[in-house]
Amino acid sequence: MADTDSIPETKDFHLDKPQTADIFPLKGCHNLDWGMKNRLAHIFSPKSGRTVMLAVDHGYFMGPTSGLERIDVTINPLLAYADTLMCTRGILRSVTPATFNKGVVLRASGGPSILKELSDEQIAVSMEDAIRLNVAAVAVQVFVGGEFESRSIHNMTQLVDAGNRFGVPVLGVTAVGKELARDAKYMRLATRICAELGATYVKTYFVSEGFETVAASCPVPIVIAGGKKMPEAEALNMAYQAVDQGAAGVDMGRNIFQSDAPTAMIQAVRKVVHENMPPKEAYEYYRSLKAGS
Ligand code: R5P
């Protein structure tokens, strides 16, 4: 039992100071509950308000794609430079060190492989298991315009309801089908639908014309996927253009882990995202790190 004999009388109430009321820095997230905001703070840097998510969830429909054959060998050394890891629960439990204490965004939809109709996804993780894994958010694919559009949106709204119950953010991932135009008009439609139906934040693709209108018309944070591997200078330029035009960061996979020098590349991406380093300078930074490795 605590010794209560010598407790000094309280007297310093700082009556001259109003209680602080911190403004939560993420776009459209100020009305969320504390637990939800705390989880988001494990994804987005409180300092820059942005994130470098390292996306390695491709295996859930592509199998062991190039660069992800041995995640323990190729990806674990990159974790020190990521703000967040986006992966499946299989990879999390089998090869990700439990000492990784930044945010994990868990892939929570799946079903078809690349051999089938991709939009035919179902929810693939219960919220109970996501919480057991202590994740910062769950991610669900939304196929606006796809064959199974309504079902994929229903997958998202079911996860949003479960996430709201337990304080877990939901990342709505706008998936682009081969037959759909990847232009600003489509991205505005897909991202806005995700946000309107409850996604805490949204992942989309960068478009070279009008991306600022995509970011402006989405009331919650947007991150961009990297997409197919391109030369490092181009990927850094795309990341710069995206954050400059309103993205809150990147969810980048192949342009990091398929790079000639993944450790150098992720560090250069960080410079762009968190410090607004211009792309030419970031590419030189990448080259110098690569030469020294
Ligand atoms: C795709 O559906 C996966 O969810 C990836 O996480 C996403 O595409 C980002 O990876 P990448 O930068 O390779 O496109």
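Predicted model, so just to flag it, every value in this text is computed and none were measured. Computation of the quantities below employed the complete heavy-atom set of this structure, encompassing side-chain atoms and omitting hydrogens, waters and symmetry-equivalent molecules. Throughout, numbering of the chain's residues begins at 1 and tracks the sequence. First listed ligand is number 1; within each ligand, the first listed atom is number 1.
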Can you work out which protein residues put a heavy atom within less than 4.0 Å of ligand 1?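 A55, D57, H58, M86, R107, Q141, K203, Y205, A225, G226, G227, D251, M252, G253, R254.
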Pairs involving residues 217-270, ordered by first then second residue, that meet ring-ring contact (aromatic ring centres under 6.0 Å, His included) (sequence neighbours left out):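 Checked against ring-ring contact (aromatic ring centres under 6.0 Å, His included) - neighbours excluded - the pairs reaching residues 217-270 are H58-F257.
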Donor-acceptor pair, K27 side chain versus C218 backbone, under 3.5 Å?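 Indeed, once roles are kept as given, a pair shorter than 3.5 Å links the two residues.
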Can any side-chain N or O of K290 pair as donor or acceptor with the backbone N or O of D260 at less than 3.5 Å?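 Not at all, since once roles are kept as given, no pair shorter than 3.5 Å links the two residues.
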Please write out which residues are connected to Y285 in a hydrophobic cluster, directly or through intermediates, given that two of Ile, Leu, Val, Met, Phe, Trp, Tyr count as joined at side-chain heavy-atom separations below 4.5 angstrom.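 When side chains under 4.5 Å apart are linked, the cluster holding Y285 also contains M277, L289.
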Do R70 and D72 meet the salt-bridge criterion of a basic N to acidic O distance under 4.0 Å?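 A salt bridge is present here (some side-chain N lies under 4.0 Å from a carboxylate O).
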Under the salt bridge (charged side-chain N to carboxylate O under 4.0 Å, His left out) rule, what pairs show up with a residue in residues 233-242, not counting sequence neighbours?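 The answer is none; no pair qualifies.
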